[in-house]
Structures are given as C-alpha cells and as structure tokens.
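Here is how names work: the chains are called A, B, and so on, in the same order as the sequence lines, proteins then strands, and each is numbered from 1. The structure displayed is predicted, hence computed values, not measured ones.
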Protein chains: 2
Amino acid sequence: MTNYYEVLDKNLVAVDCVIFGYDISDKELKLLLVKRKFEPEYGKWTLPGGFVKKDEGVLEAACRVLYQLTSLKDVYMEQSYAWGDVDRDSGGRVITISHFALIKTHELDPVMIEASVAHWRSISRLPKLIFDHRRIIDRAYKELIDRIKVKPVGFELLPEKFTLVQLQDLYEAIYQRKIDKRNFRKKIISMNLLEKMDEKEKETSKKGAYYYRFIPSRYEDFKRQGFYFNLDVQ
Amino acid sequence: MTNYYEVLDKNLVAVDCVIFGYDISDKELKLLLVKRKFEPEYGKWTLPGGFVKKDEGVLEAACRVLYQLTSLKDVYMEQSYAWGDVDRDSGGRVITISHFALIKTHELDPVMIEASVAHWRSISRLPKLIFDHRRIIDRAYKELIDRIKVKPVGFELLPEKFTLVQLQDLYEAIYQRKIDKRNFRKKIISMNLLEKMDEKEKETSKKGAYYYRFIPSRYEDFKRQGFYFNLDVQ
DNA sequence: ATATTTAAGTGTATAATATACATTAAATGT
DNA sequence: ACATTTAATGTATATTATACACTTAAATAT
C-alpha cells in the first residue's frame with residue numbers, strides 16, 4: 001500500500017501512569033513510583049511508564065505498564081494529559097500521555113511489591129522525580145480531586161466493604177482537609193448508593209462501625225433518573 | 001550520542017483542532033471544518049489537523065494548524081484528548097491529540113475564508129466526517145460546555161464589546177436551552193467582571209442595549225479573593 | 001456488677017443560594 | 001400621541017449547604 005504518511009516525522013510516544021493507592025490504616029494517599037532502569041536518569045525516581053508500540057493502543061499501553069508492575073487488570077484508568085514539549089525528556093523527543101489509575105492496595109501481592117522496584121510514596125512526601133513528572137503528578141492529583149467530587153471513584157481505592165469513617169478518611173486524605181462528619185454522612189447516605197451490611201468493623205473501636213458496600217447498579221439507576229453524584233461537602 | 005530510545009517503535013502523531021466560532025446574528029455555535037487534501041479520504045470533511053514535527057511541541061503544532069488556516073495568533077487553545085486506538089485512521093497508525101480553540105469569527109479575514117477550503121458549519125448540522133472526528137467533536141463540545149460554566153471563556157467567542165442579550169444568546173447556543181434572563185443577568189453582574197459602557201448597540205432594537213466589556217484584571221482579583229466563576233444558571 | 005473509656009452514630013436550626021415569575025422603560029415609526 | 005419592539009429590573013419561595021454537640025454501643029478496668 002502506497003502511503004502518504006510515510007514521508008512524515010515520526011515520534012516516540014510514551015505513557016506514564018500516576019498510580020494512586022490509599023493506605024486505610026495510616027490514612028494517606030500514596031503513589032506507586034519506581035526507579036528508572038535505563039539511561040538517561042538511570043536509577044532516579046520516575047513514574048511507571050513505557051513506550052507505545054506500533055500495534056498497541058495508547059490506553060492499552062498504559063494498562064500494560066500497570067499490569068507489568070502490579071499484575072492487576074480491570075483497574076480504573078483515565079487519561080490525564082499529553083505532554084508534548086520538545087525538550088521535556090533529556091534523552092530525546094518523547095511525547096508522553098499521562099494517565100491516572102486508582103488501585104486497591106490490598107489487592108496487590110505484597111511479595112511482588114517487595115521484590116519489585118516499585119514503592120509506595122505518600123503524595124505529601126514525594127521524592128525528586130525526573131523530567132516533568134512532578135508536574136504530571138500535580139495535574140493528575142488535581143484531576144482526581146475534581147473527579148472524586150462528582151463521580152463515585154473513591155470506592156476504587158477502598159476494599160469491597162468499608163465503613164463510613166473509612167470513606168470519610170479517604171476523602172479527607174484526598175482533599176487534604178477535614179470534613180464535617182454529619183454533613184458528609186447525610187450526603188452520601190441520601191444518594192442511596194451504599195448498602196449497609198450487618199457486619200461491623202471492630203478493629204478500631206469497641207463499638208464497631210457498620211460496613212457498607214457501593215452498589216454500581218444503584219448508581220446506574222441514579223444517573224438514569226438524572227441525578228448527579230456529589231460529595232463536595234465542607 | 002548513543003541513545004537507548006533509538007530501537008523503539010515510533011509513531012505518527014497528529015493534532016486536530018476543534019475550532020469553535022459563534023455567529024452573533026444567527027445565534028449559532030459553529031465549527032470550522034475543511035475538506036481533506038490527501039489520501040486516504042481525499043475530499044471528505046475533516047477537522048483541520050496536521051502532523052507533529054520532530055522539532056515542534058504538540059501545542060505549537062495545534063497553533064500552527066490554526067494559524068495556517070486562519071492567520072490568527074494568541075487564540076484560546078486547550079488540549080482535549082489523545083486518541084490512540086491503533087485502527088482509528090484507515091491510512092495507518094496515527095495518534096492524534098485533539099484540541100479545542102475559541103475564535104472571534106469577526107476577526108477572520110472574510111476574503112481568506114472565502115478563498116480557503118475552510119467552512120463554518122453549525123454544531124447542530126454537521127456533515128459526515130472522516131475517522132473518529134465526530135467523537136472528537138462530541139468530546140470537545142462537552143468539554144466546552146463544562147468549561148464555559150466555570151471559566152470566563154465565552155468572551156473569547158464574542159467581540160470586545162457585547163450586550164448582555166448577546167452574552168446570554170451565546171450561552172443559550174452552547175447549552176442548547178433557554179436561560180432565565182433575570183437570573184442570568186443577576187449572576188453575571190454580581191461577579192463584577194464586566195464593565196458597562198456608555199455606548200449602546202442599536203441594530204436589533206429601538207431602545208438599544210448597553211455594551212459591556214469583560215475586564216481580565218477584575219477576574220484575576222476575583223480569583224485571588226477565592227471566588228469561582230459560575231454561570232451554570234437555569 | 002458497675003464504672004470508665006473510646007469511637008460511632010445521629011438531628012436541627014440558620015444561612016446561603018437557586019429558582020420562578022411579570023411589569024416597566026426607552027426609543028422609534030406611524 | 002399612540003403603537004410597537006426589545007431592554008431592563010426585583011421579590012418571594014424553595015432548595016441546598018452549613019454549623020454545631022450529645023447519645024449510644026461495646027469492651028475493658030475496677
């Protein structure tokens with residue numbers, strides 16, 4: 001096939017993944033970072049990333065990078081931004097398309113993470129990163145804050161069953177501010193997207209707190225009825 | 001320089017521009033579309049686009065495409081999305097990064113647009129477009145609706161001086177619904193971002209409507225004071 | 001068995017914001 | 001001076017957001 005495209009400049013295209021996880025016990029939002037395994041910037045902290053292959057979609061590449069690192073599939077993954085400045089990578093011209101992923105940290109094989117080059121780092125205490133990766137993270141984090149206000153994506157970071165205290169802690173960790181307990185509960189309960197379970201979580205208190213589950217089908221109904229998720233509460 | 005990147009797959013990277021304009025007299029939101037000048041899909045309707053050169057930033061490429069078509073510089077341009085499916089372009093593997101631009105249609109040289117391959121088409125009566133360009137537009141249009149609710153970008157589509165009727169007409173054209181006149185005016189006036197001029201627009205009515213101007217420095221103050229632009233009004 | 005401790009769970013009053021809605025004002029042409 | 005046309009304006013009500021403090025349940029210690 002003769003192809004008009006063949007005379008044109010081609011570029012390296014990469015994906016970088018801003019992988020968010022939430023540590024339910026220390027109540028901190030974390031990022032999964034790695035040390036770079038090739039030059040330039042060998043051994044430096046970087047976002048997990050990789051190059052987009054000829055026969056591979058961009059989203060597919062991002063999911064592959066995540067899978068290779070975590071063995072996780074069916075993860076919440078959203079495109080963030082295409083970073084296209086000519087000089088953003090000191091090794092050559094690379095256009096990278098950043099994504100953010102939300103993973104349930106307890107689903108990660110602890111042996112694997114121990115053995116791997118990946119490390120969880122608190123969002124509030126990040127190491128120095130290569131290139132523009134800090135800006136990439138900042139943007140993804142802002143997008144996460146915006147998203148979690150208006151879409152029920154927080155549950156992607158929590159176990160299947162969680163208490164309302166844990167859910168609020170997660171929101172407080174992401175918003176980086178306190179939320180009024182009664183207003184928060186009023187709002188999430190009123191949307192009727194959660195199912196209260198009979199079981200209680202008893203590790204953190206004598207009284208115990210009821211577990212809840214997010215019910216995706218209820219959210220589908222909710223949307224169908226023209227309602228909008230909102231947990232932008234003070 | 002030895003380079004670890006040299007063995008990797010490279011890809012064609014394009015930019016496509018969703019160029020919004022507003023026709024103040026027929027009160028319609030329009031897109032600037034062109035007919036494709038090369039194979040495949042020669043002669044078919046397409047978004048204005050181009051390939052990203054080796055030594056050119058992605059945003060820079062989008063601005064170049066816009067400039068070549070309109071001779072306009074310093075235009076509102078925002079990245080929309082990177083479209084990366086392997087088979088999205090029937091001519092070969094092309095990753096395209098779509099952008100949306102907001103231009104003041106009256107600033108376009110009418111002779112140039114007449115002579116060029118570009119045509120304004122109403123957003124509500126688009127022709128059949130190549131590849132995934134319709135999806136690209138749909139996404140950009142949704143983003144525009146979201147953006148214009150919370151950022152004063154509507155003024156990018158209007159002349160320097162405009163009436164409140166014209167501003168509301170623009171919002172109604174974008175939202176594709178009627179807005180209550182008093183509530184709309186109450187909200188935009190209360191933000192104190194507009195300056196009322198002494199002059200009146202007298203073409204469309206005997207009484208005439210006062211012209212207003214958007215004052216960017218007031219918006220800077222407004223933000224500095226922690227306020228948020230909002231014209232999400234019924 | 002009773003008291004103490006700890007975190008979970010709950011309601012209401014007030015403030016702020018959004019909405020619905022109809023008349024008057026200004027200018028021109030007849 | 002009257003008719004016509006579009007611009008401009010205010011208020012009452014409904015909805016939503018916010019601020020705020022005590023009670024409950026269960027385990028543990030006395």
Side-chain angles (χ1 to χ4, degrees), chain A residues 24-27 148-150 158 161-173 175 177-213 222 225-234, chain B residues 24-27 148-150 158 161-173 175 177-213 222 225-234:
Chain A
I24 210 161
S25 46
D26 73 4
K27 302 176 188 177
I148 206 170
K149 283 178 182 169
V150 298
L158 290 172
K161 54 187 190 186
F162 51 83
T163 70
L164 295 183
V165 173
Q166 290 169 338
L167 183 64
Q168 181 172 344
D169 285 344
L170 168 68
Y171 269 80
E172 291 183 345
Y175 290 165
R177 61 173 168 79
K178 293 292 286 179
I179 300 172
D180 182 273
K181 191 184 193 177
R182 279 174 287 187
N183 294 340
F184 181 82
R185 285 170 177 238
K186 206 188 308 177
K187 214 157 178 182
I188 183 64
I189 294 297
S190 73
M191 287 188 272
N192 196 35
L193 305 174
L194 304 186
E195 185 178 77
K196 189 177 187 172
M197 301 173 74
D198 295 326
E199 199 185 349
K200 275 183 166 184
E201 188 277 334
K202 313 258 319 181
E203 305 263 293
T204 46
S205 91
K206 293 160 187 171
K207 182 176 176 180
Y210 282 103
Y211 278 121
Y212 286 76
R213 287 190 307 150
F222 180 82
Q225 291 174 262
F227 296 121
Y228 294 97
F229 184 87
N230 187 287
L231 269 179
D232 188 7
V233 56
Q234 301 305 317
Chain B
I24 209 162
S25 47
D26 73 2
K27 302 176 188 175
I148 207 171
K149 282 178 183 169
V150 298
L158 290 172
K161 56 187 189 185
F162 51 83
T163 69
L164 295 184
V165 174
Q166 290 169 340
L167 183 64
Q168 182 172 344
D169 284 345
L170 169 67
Y171 270 80
E172 290 183 345
Y175 289 165
R177 61 172 167 81
K178 292 292 285 179
I179 300 173
D180 182 273
K181 191 181 193 177
R182 280 173 288 187
N183 294 341
F184 181 82
R185 285 171 178 237
K186 206 188 308 177
K187 214 158 178 184
I188 182 64
I189 294 296
S190 73
M191 287 189 273
N192 195 35
L193 305 174
L194 303 185
E195 185 178 77
K196 189 178 188 172
M197 300 172 74
D198 295 326
E199 200 185 347
K200 276 183 166 182
E201 188 275 332
K202 312 261 315 185
E203 306 262 295
T204 45
S205 93
K206 293 161 187 170
K207 180 175 176 181
Y210 282 103
Y211 278 120
Y212 287 76
R213 287 190 307 149
F222 179 84
Q225 291 173 263
F227 296 120
Y228 295 97
F229 183 88
N230 188 287
L231 269 179
D232 188 6
V233 56
Q234 300 305 317

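Residue B:I189 contributes atom CD1, which lies 13 Å from atom C1' of D:dA7 at whole-angstrom precision. The interatomic distance linking A:Y210 (OH) with C:dA7 (P) rounds to 19 Å, in whole Å. Here the C1' atom of nucleotide D:dA17 and the CG atom of A:L231 are 14 Å apart, to the nearest Å. C:dG9 atom C1' lies 9 Å from atom OH of A:Y212, rounded to whole Å. Here the P atom of nucleotide C:dA7 and the CG atom of A:D169 are 12 Å apart, to the nearest Å. Look at NZ on B:K187: it is 16 Å from P on C:dA16, rounded to the nearest Å. Remark: P of D:dT9 and CD of B:Q168 are 14 Å apart, rounded to the nearest angstrom. Rounded to an integer number of Å, the gap from CZ of B:R182 to C1' of C:dA20 is 8 Å.
Both A:T163 and B:V233 lie close to DNA chain C; mapped to their nearest nucleotides by heavy-atom distance, the more 5′-ward contact belongs to A:T163. When each of A:N183 and A:G208 is assigned the nucleotide of DNA chain D with its nearest heavy atom, A:N183 is the one assigned upstream, toward the 5' end.
A donor-acceptor contact under 3.5 Å links the side chain of A:K207 to the base of D:dT24. Under 3.5 Å, the side chain of B:K181 and the base of D:dT6 form no donor-acceptor pair of N or O atoms.
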CA sep, side-chain torsions, deciding dist, call: B:E201, B:F162, side-chain contact (heavy atoms from CB on, under 4.5 Å): CA-CA 8 Å; B:E201 188 275 332; B:F162 51 83; over 6 Å; no
Derivation of the side-chain contact (heavy atoms from CB on, under 4.5 Å) call for B:V165 and B:R185: CA-CA 9 Å; B:V165 174; B:R185 285 171 178 237; 3.5 Å; yes
Step-by-step side-chain contact (heavy atoms from CB on, under 4.5 Å) determination, A:F184 to A:L231: CA-CA 7 Å; A:F184 181 82; A:L231 269 179; 4.0 Å; yes
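Listed by residue number, the members of residues 191-206 of chain B with any heavy atom below 4.0 angstrom from DNA chain C are B:K200, B:K202, B:K206.
Remark: A:Y210 pairs with no residue by the ring-ring contact (aromatic ring centres under 6.0 Å, His included) rule, at least two apart or across chains.
Atom NZ of A:K27 is surrounded by 12 or fewer heavy atoms from other residues, nucleotides or ligands within 6.0 Å.
If you take CD on B:Q168 and CD1 on B:I179, they are separated by 5.5 Å, rounding to the nearest 0.5 Å.
The side chain of A:Q234 contributes no N or O atom lying less than 4.0 Å from OP1 or OP2 of D:dA17.
Minimum interatomic distance between A:V233 and A:K187 (heavy atoms only, all atoms of both residues): CB-CD, 4.3 Å.
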